[in-house]
Amino acid sequence: MLKTVLVDDEINALEALEWKLNRYIDELEIIKCNSPKEAIKVIEKEKPDLVFLDIEMPEIDGFTLLQHLSYTNFDLIFTTAHDEFALKAIKVSALDYLLKPVDKDELISAVKKVKESRKGNQLEEKLQSLFSNLNEKNEKISIAADGRIFLLDKDDVIMLKSDKSYTTIYLREKKTILVTKTLKEVEKKFQYSDFFRVHASYLINMNHIKEYSKSMGGILTMSDGLEAGVSRNKKNELLEKLL
């Protein structure tokens, strides 16, 4: 029996995948998770043989989920609806994926490959290759939002603004991306020296600062006229970076 964890925030997609696995494939013990944060706990506890992982999820995306795991001795099959760049990175890293809606024959073939050649003990190395392809090699910041994955050049990002459980990413040419994650979660994607958290609600690209005003406690005027507040405890650190 292959202990199998299915991770997808979409209940319909989760149940459809479970139905196809039960219908067409034998010797599987299936555990479903529709919360990626809960899935981390389940994977650590259950230590599955196989994980089907959706990429696009509102709490945290599939790539971020993998980065939170200490247990990785399982085979991994991504499930996703789109994004040529992500699929290329997955393929180059020698990982498997299935496009949604999942095709019966492709599903059977993917699980058959897992059963014939268990490769879970190589997953950590493949994940390192995947993250390298997604980030360092391509120098892109991957952002999951609105059912898509955006690959952003960091120089195009002006600032990020928090609105409770949502984050708005402001780009050049007045473009924006609304992400259903907190700024704290999204900030992990912007671990570059160019980005600085000037306020609980603002993460800014230093290269896009046009003016700093001491009025109202501290206001930054960014390119395209955007403004960001500066908190008192960040003021001195910001000035050191600017001067």
Side-chain angles (χ1 to χ4, degrees), residues 1-134 142 144 147-149 151:
M1 295 287 287
L2 282 181
K3 184 178 289 188
T4 305
V5 173
L6 315 183
V7 186
D8 197 319
D9 66 295
E10 298 178 2
I11 298 296
N12 291 341
L14 195 63
E15 293 180 346
L17 179 57
E18 180 188 32
W19 185 88
K20 289 177 182 177
L21 287 169
N22 284 327
R23 172 82 181 220
Y24 301 114
I25 300 171
D26 298 324
E27 300 181 342
L28 294 182
E29 176 189 344
I30 297 175
I31 303 170
K32 294 184 297 182
C33 295
N34 73 324
S35 163
K37 290 183 179 179
E38 183 63 27
I40 294 172
K41 299 177 184 177
V42 170
I43 291 171
E44 297 289 2
K45 178 182 178 182
E46 298 294 337
K47 295 179 171 48
D49 304 300
L50 174 61
V51 173
F52 286 86
L53 179 61
D54 185 26
I55 294 177
E56 298 300 321
M57 294 180 286
E59 291 182 305
I60 56 173
D61 62 40
F63 300 136
T64 304
L65 182 152
L66 291 168
Q67 291 174 310
H68 281 79
L69 292 175
S70 59
Y71 176 80
T72 57
N73 190 28
F74 55 82
D75 286 89
L76 175 64
I77 299 174
F78 285 104
T79 59
T80 184
H82 48 75
D83 195 79
E84 294 180 6
F85 176 82
L87 298 184
K88 181 179 179 180
I90 290 168
K91 188 173 182 178
V92 168
S93 304
L95 290 160
D96 292 328
Y97 68 84
L98 294 170
L99 289 173
K100 293 181 181 180
V102 175
D103 178 78
K104 175 194 73 173
D105 293 331
E106 292 181 356
L107 176 63
I108 293 171
S109 176
V111 177
K112 182 180 179 181
K113 283 192 294 182
V114 169
K115 288 184 174 182
E116 290 177 349
S117 179
R118 290 299 315 283
K119 51 185 180 297
N121 58 0
Q122 301 173 21
L123 181 60
E124 187 171 351
E125 180 179 338
K126 291 178 180 179
L127 290 180
Q128 290 176 355
S129 174
L130 172 63
F131 297 139
S132 176
N133 278 294
L134 285 171
S142 59
R148 292 176 287 173
I149 297 178
L151 283 303

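Side-chain atoms of L66 and T72, non-hydrogen and from C-beta on, never get closer than 4.5 Å to each other. By the 4.5 Å heavy-atom criterion applied to side chains, V42 and V5 are counted as neighbours. You'll find the side chain of L107 reaches within 4.5 Å of the side chain of I25, heavy atoms only. Side-chain contact between F63 and L65: absent, with no pair of heavy atoms (C-beta onward) separated by less than 4.5 Å. Between E29 and L2 the shortest side-chain heavy-atom distance does not fall below 4.5 Å. Residues I108 and K104 meet the side-chain proximity criterion, which asks for heavy atoms closer than 4.5 Å. Annotation: side chain of I30 is not in contact with side chain of F52 (no heavy-atom distance under 4.5 Å). When side chains are defined from C-beta on, D49 does not count as touching D75, because their heavy atoms never get closer than 4.5 Å.
Between the CG atom of L14 and the CG atom of D9 there is a distance of 9.0 Å, given to the nearest 0.5 Å. Taking CG from L53 and CG from L98, the interatomic distance works out to 12.0 Å, rounded to the nearest 0.5 Å. L123 CG to L76 CG: the interatomic distance, rounded to the nearest 0.5 Å, is 5.5 Å. Atoms CH2 and OH, from W19 and Y24 in turn, are 4.0 Å apart once rounded to the nearest 0.5 Å. Rounding to the nearest 0.5 Å places CD1 of I31 at 9.0 Å from NZ of K45. From Q67, atom CD reaches atom CD1 of I40 across 10.5 Å, with rounding to the nearest 0.5 Å.
A side-chain donor-acceptor contact under 3.5 Å links Y71 to the backbone of N73. Remark: side-chain polar atoms of D61 are not paired, donor with acceptor, to backbone N or O of M57 under 3.5 angstrom. Counting only distance, with no hydrogens or angles, the side chain of T64 and the backbone of G62 share no donor-acceptor pair below 3.5 Å. For the pair E44 (side chain) and L69 (backbone), a donor-acceptor distance under 3.5 Å is absent. A donor-acceptor contact shorter than 3.5 Å is absent between the side chain of K37 and the backbone of I60.
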Exercise. Should L50 and K3 be marked as a side-chain contact (heavy atoms from CB on, under 4.5 Å) after you check the CA-CA gap, both sets of side-chain angles, and the distance that decides it?
Worked result: CA-CA 6 Å; L50 174 61; K3 184 178 289 188; over 6 Å; no
Problem set entry | Stepwise side chain to side chain donor-acceptor pair (under 3.5 Å) test for E56 and T80 | CA-CA 7 Å; E56 298 300 321; T80 184; 5.5 Å; no
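Considering every non-hydrogen atom in both E106 and D103, the closest pair reads N-OD2, 3.0 Å. Nearest heavy-atom pair, D54 versus T79, reported as atom, atom and distance to 0.1 Å: OD1-O, 3.0 Å.
Salt-bridge annotation for K115 and D26: absent, with no side-chain N of the basic residue lying under 4.0 Å from a carboxylate O of the acidic one. D8 and K32 are not joined by a salt bridge, as no carboxylate oxygen comes within less than 4.0 angstrom of a charged side-chain nitrogen.
Judged by a 6.0 Å distance limit and a 45° cone about the ring axis, K47 is not positioned over the six-membered ring of F74.
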